[in-house]
Amino acid sequence: MIKEGDRLKKTENYLQTLNEPQREAVLHGGGPLMIIAGAGSGKTRVLTFRIAHLIENGVDPFRILSLTFTNKASGEMRQRIEAEVGTEARNIWMGTFHSVFAKILRIEARYLGYTSDFSIYDTDDSKSLLRSIIKEFNLDDKVYKANVVYNRISGAKNRLISAEDYLNNAIIQADDEAAKMKEIGRIYKTYATRCFQANAMDFDDLLFNTNILFRDFPDVLYKYQHKFQHVMVDEFQDTNVSQYLITRKLSAVHRNICVVGDDAQSIYAFRGANIENILNFEKDFPDVRTIKLEQNYRSTGTIVNAANSVIARNKSQLKKETFTKNEEGVLIDVIKAGSDNEEGRLIATAIFEEKMQKALRNENFAILYRTNAQSRSFEEALRKLGIKYRIIGGMSFYQRKEIKDLLGYLRFTVNQRDEEAFKRIINLPKRGIGDGTVAKIAVTASEQQIAIWDVVSNSGYYIGGRLAGPIDQFATLIKSFKLLIEEGKDAYEIAAHIAKTSGILRELYEDKTVEGLSRYENVQELLNGIKEFVDSDANEDKSLSAFLQSVSLLTNADEPDENEDHDRVTMMTIHSAKGLEFRNVFVVGLEEDLFPSQMMLESRQDLEEERRLFYVAITRAEQKLSFSYAESRYQWGRLKMCEPSRFLLEVDPKFLNVTKMLQTGPERPGAESSGTSFVRNLTPRKPSEPRNMVSAAAHTPSSDFSPSDTSNLTEGDKVEHMKFGFGTVIKMDINGTDRKATVKFDTVGDKTLLLSFAKLRILK
DNA sequence: AGATCAGGCATTTTT
DNA sequence: TGCCTGATCT
């Protein structure tokens, strides 16, 4: 326990390390406060100290609500506060909007007609439910695409528009009519009903229902309004209407609301984030104290100024002048590559050299791109140079089939009304219950007006015949799992038992392929994660239900730690890079239509948000920044010629070092070349590949490529390249047979490199 | 019920 | 190009 005297000293100590506006933000006692915090302005330090300061001045941690954007950010902040004030920090209500309000909904579920064991549907579950509704309505799924419908409904929920409101809103109906999707309202309504019947909430419901809860049950609102003496919101620029209304209501009694954000970094409008929230905050709270943190401690002068020169072009923004007292630093390298593959190689080489010259570590570097699909060429290049990397994003651990399968069992064990979990596991592993039978169960349930589980658990009565056997087995299995919950077993004990007993683990264990092994390991990894959850002191509730609630809100930024070595180059989208910083940053793929994204320009016409995204990317760099773009790129297996991005051209040229541009032209179709290769590493085709193909790898003097082929291609076969066409058919002679192949190649200087996969087929 | 195959379609970002 | 879906066969 820290003594009172020590505490005071500590406060004084950290206050001395702050600049004037930072200190004011920390010391601001009550009343609304808005902190506009530029990139790298020590925002997290201020928030941390502010909360620590409140606690040191006698505010009960239980009465502080602190909302952050990611689980990771909240975890880190909690740790830092703990370092200041000790274990009391654990009692702060801190987390993402979704996790905090899921927790509250869990406590108050009965008010809304849910049980506290409600399931949380992830995006996949939601879309799958939508697909089945669209099918049941006999609508054309090419017109009513699950994705589009989902986004429409999600957008409505984020603006607090219920299904009834949606149907009654003339403007929305006219919109849908114009888009030839006038049934969306009906779909929305059925979707909401089905979610409710399934005792399930989707991501948006967690916020939507919290609003309903606070609107319709004043007693509940009263309780939390009085409970939370201080409400803090980080990344305020990325909150949507639904989130904002919750925080406004919660802070209406004590009026101690502190929002922290940077309008220049608002990049989630596509998800309903409303930049107006930050621009209008002063209207909602006329007595707000606004503090601007404008000094950047993170980056060099060049980087800060370049970022400012970009964002200055945006019209809608608050006035703010970010500056730094750091040294000017080096110019921003601009790297021009002929192709995406060359871009990969140039960046990898640049990292390699920089690492050697400056004695840096891999973890000092980050490669930031607009879309996840761009990671491929960098992966290949880094691997070739033996540089370790990690990719954040893409297919999340929790989206893998095997993980969702086991979670499906866990969910259904906790909540037998969970329709999506049911569909997932009813025939897994295969137990002879096909689509037909599942449909029969569903029809019976709706005809008899009973729950699916009632049909399943009494299949002898409702279904009968030979189908009853396997269904009954399934029901017995689930009943035995439910028993474990009633016995009060913890999440790990139950999950481990289910993994074994359900046959999931056995099926994966018997799969000896590389993929099978890795799936098996993933399931083990999930079990480890559950064990950690149960063992952690931070979690009081160790029930399976509590675990499921927490796990469904994890994101790919919260993957289980690959504990091993941390020293890796980080690759991720710019969106995932928010809040992070790296010594050296590469912003890649700066091509028109890619960044700014063509889709964004077509659908939302919002160049400003794209520009803010660029701003976020630039300001991640501490010491050195590089931009790169390719003059041609593979997209959908096709070659595409690219223009440098308008954003790249917007950067004030005095900050740029363009001498690094490589003087090679773009890849051009028709470049002539010839050579000989020998087939090596002949591997059997994967089951998913077409029957008449065999994977093989050949070797050329300059590089590697791997053709796949039909017939009697054997190791040691001589392969002759007659001519290279770029991404076009080339003729080869293998064992006297003519083949056609698609080959990817790259031109560097005057050299032609064969780069990657070629599919060979016999020419007919 | 499950395996196989052909054809269509997609690629923006994520709590 | 490669993945997913739905139709068709066993």
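In what follows, every chain begins at residue 1, and chains take the letters A, B, ... in the order their sequences are listed. Computation of the quantities below employed the complete heavy-atom set of this structure, encompassing side-chain atoms and omitting hydrogens, waters and symmetry-equivalent molecules.
- Distances shown here put every side-chain N or O of A/Asn372 at or beyond 4.0 Å from the OP1 or OP2 atom of B/dT11.
- Once the 5.5 Å centre distance and the 30° plane angle are applied, the aromatic ring of A/Phe270 is found stacked with the base of B/dT13.
- When the options A/Ile133, A/Val149, A/Ile134 are evaluated for a side-chain contact (heavy atoms from CB on, under 4.5 Å) with A/Tyr191, the one that passes is A/Ile133.
- Residues forming a side chain to side chain donor-acceptor pair (under 3.5 Å) with A/Thr573 (at least two apart in sequence, or on another chain): A/Ser576.
- Atom name P, nucleotides C/dT1 and B/dT12: the rounded distance is 22 Å, in whole Å.
- Taking side-chain N and O atoms only, A/Ser576 has a distance below 4.0 Å to OP1 or OP2 of B/dT14.
- When each of B/dG2, B/dT12, B/dT14 is scored by its nearest atom to the side-chain atoms of A/Met600, the top-ranked nucleotide is B/dT12.
- Residue whose closest nucleotide on DNA chain B sits further toward the 5' end, between A/Tyr150 and A/Gly434: A/Gly434.
- Residue-level contact check: A/Phe97 touches neither bases nor backbone, having no heavy atom under 4.0 Å from any strand.
- Closest to the A/Arg370 side chain, of the nucleotides B/dT13, B/dT15, B/dT14, is B/dT13.
- Screening residues 434-444 of chain A for salt bridge (charged side-chain N to carboxylate O under 4.0 Å, His left out) gives no qualifying pairs among residues at least two apart or on separate chains.
- Between the P atoms of B/dT13 and C/dC4, the separation comes to 16 Å (whole Å).
- With sequence neighbours excluded, the residues forming a side chain to side chain donor-acceptor pair (under 3.5 Å) with A/Arg248 are A/Asp284, listed by chain and number.
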Pairs: protein N or O with nucleotides 6-10 of chain B N or O, under 3.5 Å:
unit_1: B/dA10; atom_1: OP1; unit_2: A/Lys145; atom_2: NZ; d: 2.9

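- Using a 4.0 Å heavy-atom distance criterion, A/Thr123 is classed as a base contact.
- By the ring-ring contact (aromatic ring centres under 6.0 Å, His included) test, A/Tyr188 pairs with A/Tyr166, sequence neighbours left out.
- OP1 or OP2 of B/dT14 has at least one side-chain nitrogen or oxygen of A/Thr573 nearer than 4.0 Å.
- Closest to the A/Lys430 side chain, of the nucleotides B/dT12, B/dT14, B/dG2, is B/dG2.
- Using a 4.0 Å heavy-atom distance criterion, A/Asn427 is classed as a sugar-phosphate-only contact.
- Here A/Ser550 pairs with nothing under the side chain to side chain donor-acceptor pair (under 3.5 Å) rule; sequence neighbours left out.
- Among the atoms of the strands shown, only primed sugar atoms or phosphate atoms (P, OP1, OP2) are found under 4.0 Å from some heavy atom of A/Asp435.
- With A/Phe647 as the partner, the ring-ring contact (aromatic ring centres under 6.0 Å, His included) test is satisfied by one option alone out of A/Phe627, A/Phe614, A/Tyr629: A/Phe614.
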